Amino acid sequence: MRDVAVLGVGMHPFGKFADKSVTDLCRDAVVAALADAGVQWRDIEAVAAASSRFSGGKGWGLNGNDVVEDMGSTGIPVYNMSAGCAAGGNAFNVGYALVAGGIYDTILVVGGEKMPKGFIQTSGVEEETDPEFLRQRCVGMPGPSFWALLCRQRMEEFGTTEEQLAKVAVKAHQVAVHNENARFRKEFTLEQVLGSNMVSDPLRLFEICPVSDGAAAVVICSAEKAKQFSSNPVWVAGSTVATMSFDDGLPRGLAGVVPSGKSFHSEASTAVERALAQAGAGPQDLDLVELQDNTVYYELAFPEDWGMCKPGEAEHLLETGETLPTGKMPINPSGGFLCFGEATTAMGVFQVCELTWQLRGEAGARQVPDAKLGLGQTLGLGGNGTAVVLKR
Amino acid sequence: MTTKRIPVIDGLFSDTADGTRLLGSRCASCNVPYFPKSSLCHNPDCTGSQMEDASFGPHGTVWSYSIQNYPPPPPARYDEPYKPYALGVVDLTDGLRVVGRMAVDDPESLKAGCKVELVSEPLCTEEDGTEVITWMFRPI
């Protein structure tokens, strides 16, 4: 395996852009990433792209082909990766593997999305053999209720309060004020978060990420190639993809087995564990984490699941400021999904952008001091999980 | 006149003389329960494939619960005007962890760890007055 460097990153700000197509958003991100890397479009040997269900891709998730046609068809191979909300992380992993394995020297990884308004709708499949259809028809359990069940379980196990849940959102907005790419750059008070409508009790509107339009792109290359462009690039220390295990404790359809232990998102834990092992690092070595905070719950539970702190300790770390960029366990210094909104398939690439800016020391007022090792993590429908560890 | 009742989906549950049961299957080799029925065992550590019909319930313990405060998108069904409902994840005594609505008037009374039993209750009503029934959990 060859060492792989992140040579350049670029992002289109997140928000709602009625006048732009997903291709417009991707183009901005790609052009920025190429410029940041100091390479030309002709230097890109292959594209690994996240497949979207919602926008572009000719209805087949061919989002990478859209990008190549837009930038100029050079005949390069395109890999369109589908993994639900983990597609961006999945595309990064495929790009990484192709460079590490010596197939290509320079690859563009891209994810872009324009999301329909409102909560993400179910697949539209109406077959009695489809577990998602059965769950919605027989019970009525849309996405946020899934998060609400996890969150309520934590509240009962550790005594997490509604105020503590709201403080995660307050903290996210506190840091996003400093991020020019974030959609919501306004501070929220505890009262404002607690005053927002209950969506799926115990979770309120401001404690759940909305959907957004946005795009992110990164140029990765071999160590040899990187030397031509940078004396001190950011390195990929680990990149993994995993799927959930059979004994996962969270039923994704109607039912599962009562688990012997506590494992609710085995796809995420497995991906993170393997990425850290690949990096030769432990969870305590991480200087920062960009994790998938679809809801405030994840920012409390995931660091514990992954061994970054003790079970039940996350609320204390939050309340003492340790999860801020200046704390000892910085979580989502970008502002995370809560402040960007989820442009679903772009998120894994978005995280690589933020980690890269942080590790270069270019993150301005949200900078994690002296950041050397950072983790990114996504999960998506189908029990897909991805993780990436970047180092300086 | 008795109200006509139909199950929301056929073959998922049945009412017996001593309560509601979920209709699934169990692997004869590794004992893993499946709901709904499965024609094969999906346990990666099991090489057997002989599945037996099994019914689950009626007793279990609440693992977690939530209230659905906003009307869910299709294909979920509910009567207008929308009334928030409670749902939960329940560990049945026969080893199945299953999702379902909670048959409670006051969701605030729910607690993780509380004992429940399976019941069949109306999910919604058709235009002709037919009640559409699903499985639910009622605290005992």
Side-chain angles (χ1 to χ4, degrees), chain A residues 116 118-157 197-205 208 243 245-260 262 264, chain B residues 7-13 22 24 31-36 42-46 56 60-78 84-101 107-108 110-113 123-124 132 134-136:
Chain A
F119 289 106
I120 293 176
Q121 299 292 304
T122 49
S123 66
V125 174
E126 297 225 353
E127 290 167 18
E128 292 182 9
T129 52
D130 182 65
E132 174 70 10
F133 169 75
L134 289 176
R135 199 162 62 100
Q136 299 308 336
R137 175 55 58 86
C138 302
V139 183
M141 241 184 102
S145 69
F146 211 69
W147 305 326
L149 288 164
L150 285 162
C151 191
R152 176 61 70 185
Q153 196 278 333
R154 181 178 181 86
M155 293 171 86
E156 301 241 341
E157 184 174 358
N197 286 339
M198 202 62 100
V199 171
S200 276
D201 189 307
L203 293 173
R204 294 179 160 84
L205 190 63
I208 291 173
T243 50
S245 60
F246 180 70
D247 59 356
D248 193 280
L250 190 63
R252 314 296 166 104
L254 288 181
V257 184
V258 176
S260 52
K262 182 180 163 177
F264 307 144
Chain B
V8 60
I9 301 279
D10 283 328
L12 289 179
F13 59 96
L22 298 177
N31 214 31
V32 163
Y34 290 90
F35 173 67
H42 304 292
N43 178 358
D45 297 320
C46 176
F56 304 110
T61 307
V62 174
W63 178 75
S64 189
Y65 60 95
S66 162
I67 299 160
Q68 183 56 33
N69 299 87
Y70 71 97
R77 299 187 66 177
Y78 52 85
Y85 53 86
L87 50 89
V89 179
V90 168
D91 290 345
L92 294 176
T93 50
D94 23 32
L96 191 77
R97 175 169 283 186
V98 60
V99 299
R101 286 207 188 182
E108 302 289 323
L110 287 169
K111 287 295 288 178
L123 180 72
C124 60
V132 179
T134 192
W135 74 91
M136 296 194 191

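FYI, side chains are in, hydrogens and waters are out, and symmetry mates aren't considered; it's all heavy atoms of this structure. Note that the structure is a prediction, hence the values are computed from the model and not measured. Per chain, numbering begins at 1; letters A, B, ... match sequence-line order.
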Colleague: I need the minimum non-hydrogen distance between A:G253 and B:V99, along with the two atoms involved.
Modeller: O-CG2, 4.1 Å

Colleague: List for me each residue that meets side chain to side chain contact (heavy atoms under 4.5 Å, CB included) alongside B:C46, sequence neighbours excluded, and say none if there are none.
Modeller: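 With sequence neighbours excluded, B:C46 shows a side chain to side chain contact (heavy atoms under 4.5 Å, CB included) to B:C27, B:S29, B:C30, B:C41, B:N43, given in chain and number order.
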
Colleague: For A:L134, is it the side chain, the backbone, both, or neither that has a heavy atom closer than 4.5 Å to a heavy atom of chain B?
Modeller: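 Just the side chain, heavy atoms under 4.5 Å.
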
Colleague: Within the distance-only criterion (no hydrogens, no angle test), does the side chain of B:Y85 pair as donor or acceptor with the backbone N or O of A:G140 below 3.5 angstrom?
Modeller: yes

Colleague: At their closest point, which heavy atom of A:C138 faces which heavy atom of B:I9, and how far apart are they?
Modeller: SG-CG1, 3.7 Å

Colleague: Between atom CH2 of B:W63 and atom CZ of A:R152, what is the distance when rounded to the nearest 0.5 Å?
Modeller: 12.5 Å

Colleague: How many angstroms lie between CG in B:L110 and CD in A:E156, if you round to the nearest 0.5 Å?
Modeller: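 With rounding to 0.5 Å, CG (B:L110) is 9.0 Å from CD (A:E156).
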
Colleague: Look at the rings of A:F246 and B:Y34 and say which category their plane angle falls in: under 30° parallel, 30 to 60° tilted, over 60° perpendicular.
Modeller: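 Judged by the thresholds at 30° and 60°, the geometry between A:F246 and B:Y34 is tilted.
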
Colleague: Grab the two heavy atoms, one from B:F35 and one from A:A255, that are nearest each other, plus how far apart they are.
Modeller: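 It is O-CB, 3.6 Å.
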
Colleague: Taking every heavy-atom pair that is under 4.5 Å apart, which of A:A148, A:G256, A:S145, A:P259 has the most such pairs with chain B?
Modeller: A:G256

Colleague: Nearest 0.5 Å, what's the CZ-CG distance between B:R97 and A:D247?
Modeller: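 If we round to the nearest 0.5 Å, B:R97:CZ and A:D247:CG are 11.0 Å apart.
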
Colleague: For the atom pair OG (A:S200) and CG (B:N69), what is the distance rounded to the nearest 0.5 Å?
Modeller: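 Here the rounded value is 6.0 Å.
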
Colleague: Could you tell me if the side chain of A:P142 sits less than 4.5 Å from the side chain of B:Q68, heavy atoms only?
Modeller: yes

Colleague: Return the CG to CZ distance between B:L123 and A:R137, rounded to the nearest 0.5 Å.
Modeller: 8.5 Å

